[in-house]
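Just so it is clear: chains get the letters A, B, ... in the order the sequence lines come, proteins before strands, and each one is counted from 1.
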Number of protein chains: 2
Amino acid sequence: MNLYRLYELRKRKKWSLQYIADQLGIAKSTYAGYESGYRQPSLDAIKKIADVMETSVDYLLNRIDNPDFQAVKKRKETEKWIELTDERMASEVKLTIDGRTLSDEEKKQFIAFVRARRQMENEYR
Amino acid sequence: MNLYRLYELRKRKKWSLQYIADQLGIAKSTYAGYESGYRQPSLDAIKKIADVMETSVDYLLNRIDNPDFQAVKKRKETEKWIELTDERMASEVKLTIDGRTLSDEEKKQFIAFVRARRQMENEYR
DNA sequence: GCATTTTTACGCGAATCGCGTACATTTATT
DNA sequence: AATAAATGTACGCGATTCGCGTAAAAATGC
């Protein structure tokens with residue numbers, strides 16, 4: 001396992017070992033060990049590293065070659081509330097059940113289903 | 001660190017512990033330990049797991065919600081993915097219909113509804 | 001109901017981790 | 001240039017964690 005990208009990214013940002021170690025909350029010798037290959041970061045550690053470096057774990061592990069991490073932006077921008085009947089949402093939100101995308105038909109039925117259910121609740125009160 | 005997505009993905013593919021462990025070249029008890037949280041996979045292991053499961057490490061580590069690795073590689077993970085059966089994801093985003101929050105009960109029933117519907121589709125083919 | 005497969009649980013020895021420390025190297029200050 | 005301060009490298013120690021094998025429980029198939 002070669003984590004040479006840690007060094008590349010850190011240098012690019014002009015951070016010292018101490019500086020990044022402080023951000024990660026670990027000893028600088030620990031972090032240095034990751035870069036030199038002397039040690040391997042835990043999953044938690046590699047996650048935090050990807051966080052502070054604003055990249056993906058897959059990039060750090062050489063699974064992809066694009067260091068950009070779109071989710072950084074998305075995480076902050078995504079609305080907390082999503083209205084399902086809003087057509088415009090369809091292109092931004094993908095709902096899945098058991099890993100399978102919810103079809104338009106299923107979604108339509110979903111909405112009808114909930115509306116009917118709520119209607120009944122109201123009538124019995 | 002919670003790797004509950006390992007279990008979800010494996011079940012979705014209907015693989016046994018033995019089957020995936022063989023693919024990974026490790027003991028099944030070792031892999032089982034990852035799923036149960038008894039052990040943590042090494043970086044190499046999590047990489048291989050992402051390979052055989054055809055997803056991203058970031059997804060396995062809950063950094064992104066789109067399980068599709070192809071989308072990540074093509075930088076097309078622009079839309080927000082929400083797995084309705086994922087309890088832990090539910091707390092992050094609130095869904096509404098007609099401006100009213102979707103209750104847990106409504107969601108539960110709908111999931112059962114869609115599953116039954118899909119089940120029938122399969123049987124009649 | 002029984003056999004087979006799958007899942008869960010855990011002890012053991014070995015491997016690896018995170019840290020502190022000590023030292024080397026580079027950069028900044030005067 | 002001399003000195004101080006900051007940065008980077010190397011490694012031993014105690015503690016933690018790992019991967020595996022084994023065994024028993026639970027689920028599945030016939």
Side-chain angles (χ1 to χ4, degrees), chain A residues 1-55 57-58 60-63 67 98-99, chain B residues 1-55 57-58 60-63 67 85-88 111-112 115-116 118-120 122-123 125:
Chain A
M1 173 65 57
N2 204 330
L3 298 179
Y4 65 91
R5 280 174 172 168
L6 295 188
Y7 179 82
E8 283 180 2
L9 288 177
R10 182 173 62 84
K11 282 300 175 189
R12 193 164 301 157
K13 290 174 183 292
K14 294 177 179 165
W15 288 350
S16 71
L17 291 169
Q18 190 67 63
Y19 180 73
I20 190 170
D22 287 345
Q23 285 189 81
L24 298 170
I26 61 179
K28 81 170 178 190
S29 66
T30 299
Y31 176 80
Y34 302 156
E35 282 194 1
S36 69
Y38 180 65
R39 290 279 188 266
Q40 289 215 342
S42 68
L43 294 184
D44 272 309
I46 197 83
K47 241 178 101 167
K48 271 191 205 145
I49 292 170
D51 282 344
V52 304
M53 292 208 167
E54 295 187 326
T55 189
V57 176
D58 288 280
L60 295 179
L61 301 184
N62 307 307
R63 287 193 83 229
D98 301 330
Chain B
M1 173 67 56
N2 206 325
L3 299 179
Y4 67 92
R5 280 171 172 170
L6 294 187
Y7 179 82
E8 283 182 3
L9 288 177
R10 182 172 63 84
K11 282 298 175 190
R12 199 164 292 161
K13 290 173 183 291
K14 293 176 180 166
W15 290 349
S16 71
L17 291 169
Q18 188 67 64
Y19 180 74
I20 190 171
D22 286 346
Q23 286 189 80
L24 298 169
I26 61 178
K28 77 171 177 202
S29 66
T30 299
Y31 177 80
Y34 301 155
E35 281 193 3
S36 69
Y38 179 66
R39 290 280 188 267
Q40 290 214 342
S42 67
L43 295 184
D44 272 309
I46 198 84
K47 244 178 98 167
K48 271 191 205 144
I49 293 171
D51 282 344
V52 304
M53 293 211 166
E54 294 181 313
T55 189
V57 175
D58 288 280
L60 296 178
L61 302 183
N62 309 307
R63 289 192 83 229
T85 63
D86 191 337
E87 300 283 347
R88 296 158 235 239
I111 289 166
R115 279 180 176 157
R118 289 176 175 175
Q119 180 68 30
M120 288 180 62
N122 280 339
E123 283 171 0
R125 208 168 1 105

Using atom names, set out every protein N or O paired with an N or O of nucleotides 16-20 of chain D below 3.5 Å, distance rounded to 0.1 Å.
residue	atom	partner	partner atom	Å
D:dC18	OP1	B:Q40	N	3.0
D:dC18	OP1	B:Q40	O	3.1
D:dC18	N4	B:R39	NH2	3.0
D:dG19	OP1	B:Y34	OH	3.3
D:dG19	OP2	B:Y34	OH	3.1
D:dG19	N7	B:R39	NE	3.2
D:dG19	O6	B:R39	NH2	2.7
D:dC20	OP2	B:A27	N	3.0
D:dC20	OP2	B:T30	OG1	2.7

Mind listing the N/O atom pairs, protein and nucleotides 27-30 of chain D, below 3.5 Å?
none

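Using a distance-only test at 3.5 Å, with no hydrogens or angles considered, no donor-acceptor pair links the side chain of A:D58 to the main chain of A:R63. The main-chain N or O of A:N2 is found under 3.5 Å from a side-chain atom of A:N62 such that the two form a donor-acceptor pair.
Per the geometry, CG belonging to A:L17 stands 18 Å off P belonging to C:dA24, to the nearest Å. We find that CD of A:Q18 is positioned 13 Å from C1' of D:dA5, with the value rounded to whole Å. Across the protein-nucleic acid pair, B:Y7 atom OH and C:dT8 atom C1' stand 12 Å apart, rounded to whole Å. A straight line from CD1 of B:I20 to P of C:dT6 spans 14 Å, rounded to a whole angstrom.
Taking five base pairs at each end of the helix from C:dG1-D:dC30 to C:dT30-D:dA1, the local helix axes there meet at an angle of 50°, rounded to 10°.
A:R10 has no side-chain polar atom (N or O) that falls below the 4.0 Å cut-off from OP1 or OP2 of D:dT7. Remark: A:K11 is in phosphate contact with D:dG8, judged by side-chain N or O atoms under 4.0 Å from OP1 or OP2.
Heavy atoms only, all atoms of each residue included: B:A50 and B:V57 are closest at CB-CG2, 3.8 Å.
Take B:S36 and apply the side-chain contact (heavy atoms from CB on, under 4.5 Å) test, not counting sequence neighbours, and it matches B:Y38.
Every pair passing salt bridge (charged side-chain N to carboxylate O under 4.0 Å, His left out) that includes a residue from residues 14-41 of chain A is listed here, sequence neighbours excluded: A:R10-A:E35. For residues 10-29 of chain A, every residue pair satisfying the ring-ring contact (aromatic ring centres under 6.0 Å, His included) rule, not counting sequence neighbours, is listed here: A:W15-A:Y19.
Shown here is B:Y7, whose OH atom has no more than 12 heavy atoms of other residues, nucleotides or ligands within 6.0 Å.
Looking only at side-chain heavy atoms (C-beta outward), B:M1 and A:K47 come within less than 4.5 Å of each other. Between B:L9 and B:L60, some side-chain heavy-atom pair lies under the 4.5 Å cut-off. Inter-residue side-chain proximity for B:I26 and B:P41 is flagged as unmet; no heavy-atom pair is nearer than 4.5 Å. Looking only at side-chain heavy atoms (C-beta outward), A:Y34 and A:I46 stay at 4.5 Å or farther from each other.
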